[in-house]
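Below: one structure, written as structure tokens.
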Amino acid sequence: MAGRFSPRPTRTTVRGGHVVVPGASGAVPRPAPAAGLRREWTPPGPLDLGIVLGPLRRGPGDPTFRTTPDGSVWRASRTPAGPGTLRVALRGGAVEAEAWGPGAEWLLHQLPEMLGSADDPDAFEPRHRLVAVTRHRRPGLRLMRTGLVLESLIPSVLEQKVTADEAYRAWRLLVRKFGEPAPGPVEGRMHVMPEPRTWALIPSWEWHRAGVDNKRASTILRAVRVAARLEQAMGMEPAQAQARLEVVSGIGPWTSAETVQRSHGAADSVTVGDLHLPRIVGFALAGDRDADDAAMLELLAPYAGQRHRAARLILLSGRTPPRRMPGMPRTDIGRL
């Protein structure tokens, strides 16, 4: 949970919190990378790369995401133009980006939206002191828009009803084994997630070895068979996009919300059905550590249109209920 067990990340901290991006000052020098396409962009306001891009990282060992001591954030993505690697860094208030691979041009074109240029933080009006204080302390929060649906959908399906460690391990193993090395100067340390056909051809025993049960594996297989139709949801409003995703059996409101929050920058797509979020919101805003989805939605009602942003700020505040019961037990079906 946000800020509570730092530096050990959990699914909740990654979704609502941030990743630690080393500062550029005193950075460890890096060898000059092979030249890629470059772009410089000046954000319209404060920007915190760790907070904005943090929800894209699926655990500390995510092969598609890494930070480096020079203050850069690296991402490997499968774009409509093909695989690509993007490096982003803040230098004196401006964003410097460099990209490699067939998807380099697409990634640089998408850069402003990925860093929240389409977001409007001024549309948000705090209704609680905790939210107002957190917003003041975290002025660099902007909601990203990656423009890629499947990239966020598949890891969200892997996170259904399991612990964060199990989901992160499955994502890490599957991407490293069936993805492809990311283009650019990453020396094989990063991988691009598999293309839809490759996901569809993963043998059942490999899902099992990665700890993915048949229900989640089958959901992913159904999704990749209609990958083109799901990617078309980028042309829809977030609510319509969620409805399209939920047509696929096994994708419900939790998974669709987690997806469009990243792909569309959906400011109002609050996650329901989460094990922790209702209790965190209930405790932070009303002292109710036993709040359910209905109570959470009632508390977030004053933020209609901006409920996801409100939930992000609550998670960033670090105000979470103290534990009074063991966490969800970890299992590894790959050992069976």
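Results of the side chain to side chain donor-acceptor pair (under 3.5 Å) test with W254 over D293, D274, T259 single out D274 as the only residue that passes.
A pairwise comparison of heavy atoms in A257 and V270 identifies CB-O, 3.9 Å as the closest pair. H264 approaches V149 most closely through the heavy-atom pair CE1-CG2, 4.4 Å. Across all their heavy atoms, L148 and T79 have their closest contact at CD2-CA, 4.2 Å. Scanning all heavy atoms of the two residues, the minimum distance from G250 to T219 falls at CA-OG1, 3.5 Å. Taking all atoms of both residues into account, the shortest heavy-atom contact from V192 to A76 is CG2-CB, 4.0 Å. Closest approach of G116 and R142 over heavy atoms only: O-NE, 3.0 Å.
Taking the side chain as every heavy atom from C-beta outward, T320 and F283 never approach each other to under 4.5 Å. E98 is not listed as a side-chain neighbour of L108, based on a closest heavy-atom distance of 4.5 Å or more. Taking the side chain as every heavy atom from C-beta outward, D119 and R309 approach each other to under 4.5 Å. Residues L277 and L315 form a side-chain contact, since some pair of their non-hydrogen atoms from C-beta on lies under 4.5 Å apart. With a 4.5 Å cut-off on side-chain heavy atoms, L173 and K177 do not count as touching. Looking at heavy atoms from C-beta onward, I280 lies in side-chain contact with P321 at the 4.5 angstrom threshold. Residues V162 and V212 have side chains not in contact (no heavy-atom distance under 4.5 Å, counting atoms from C-beta outward). Side-chain contact between V19 and F65 is present, with heavy atoms from C-beta onward closer than 4.5 Å.
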| field | Intermediate values then yes/no, side chain to side chain contact (heavy atoms under 4.5 Å, CB included), E180 and T198 | value | CA-CA 11 Å; E180 59 188 276; T198 303; over 6 Å; no
| Worked verdict on I251 versus L153 for side chain to side chain contact (heavy atoms under 4.5 Å, CB included) | CA-CA 9 Å; I251 298 177; L153 175 63; 3.7 Å; yes
| request: Apply the test side chain to side chain donor-acceptor pair (under 3.5 Å) to residues D165 and T163: give CA-CA distance (whole Å), side-chain angles for both, the deciding distance (0.1 Å), then the verdict. | output: CA-CA 5 Å; D165 286 346; T163 65; 5.5 Å; no
| said: Using side chain to side chain contact (heavy atoms under 4.5 Å, CB included), reason through M144 and S263 one step at a time and then give a plain yes or no. | reply: CA-CA 8 Å; M144 81 185 85; S263 62; over 6 Å; no
| task | Give the C-alpha distance, both sets of side-chain angles, the deciding distance and a yes or no for side chain to side chain contact (heavy atoms under 4.5 Å, CB included) between R229 and R244. | result | CA-CA 9 Å; R229 294 284 292 166; R244 172 164 290 195; 3.4 Å; yes
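Of the possible donor and acceptor atoms, none in the side chain of R66 sits under 3.5 Å from a partner among the backbone N and O of R75. For the pair D268 (side chain) and G305 (backbone), a donor-acceptor distance under 3.5 Å is present. Not one N or O on the side chain of W100 forms a donor-acceptor pair closer than 3.5 Å with the backbone of G84. Side chain of T85 to backbone of P183: a donor-acceptor contact under 3.5 angstrom is found.
Side-chain contact, R319 with S317: no donor N or O sits under 3.5 Å from an acceptor N or O. Inspection of the T271 and E258 side chains reveals an N or O donor paired with an N or O acceptor under 3.5 Å. Q242 and S269 are linked by a side-chain donor-acceptor pair at a separation below 3.5 angstrom, with hydrogens and angles left out of the test.
A salt bridge links R209 with E206: at least one charged nitrogen is closer than 4.0 Å to a carboxylate oxygen. Using a 4.0 Å cut-off between charged side-chain N and carboxylate O, R127 and E125 make a salt bridge. The pair D62-R57 does not meet the salt-bridge criterion, since no charged nitrogen lies less than 4.0 angstrom from a carboxylate oxygen. A salt bridge links E159 with R58: the closest approach of a Lys/Arg side-chain nitrogen to an acidic carboxylate oxygen falls below 4.0 angstrom. Under the 4.0 Å criterion applied to side-chain N and carboxylate O atoms, E151 and R78 are not assigned as salt-bridge partners.
Atoms CG and CH2, on L150 and W199 in that order, are 8.5 Å from each other to the nearest 0.5 Å. Note that OG1 of T134 and CZ of R129 are 10.0 Å apart. Values are rounded to the nearest 0.5 Å. The CE atom of M114 lies 14.0 Å from the CZ atom of R262; values are rounded to the nearest 0.5 Å. Atom-to-atom distance recorded for I220:CD1 and R222:CZ is 10.5 Å, nearest 0.5 angstrom. Considering CD1 of I154 and CG of L174, their distance stands at 9.5 Å, rounded to 0.5 Å. Of the inter-residue distances, the one linking E96 atom CD with L111 atom CG reads 11.5 Å to the nearest 0.5 angstrom.
Residues in residues 101-133 take part in these ring-ring contact (aromatic ring centres under 6.0 Å, His included) pairs, two or more places apart or across chains: F124-Y303, H128-Y303.
In the displayed structure, E237 atom CD is contacted under 6.0 Å by at most 12 heavy atoms of other residues, nucleotides or ligands. Counting heavy atoms of neighbouring residues, nucleotides and ligands inside a 6.0 Å radius, atom CD of E105 does not exceed 12 of them.
At a threshold of 4.5 Å between side-chain heavy atoms, the hydrophobic network of Ile, Leu, Val, Met, Phe, Trp and Tyr places M234 and V226 in one connected group.
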Which donor-acceptor pairs under 3.5 Å do the side chains of residues 40-47 make with protein atoms, sequence neighbours left out?
none

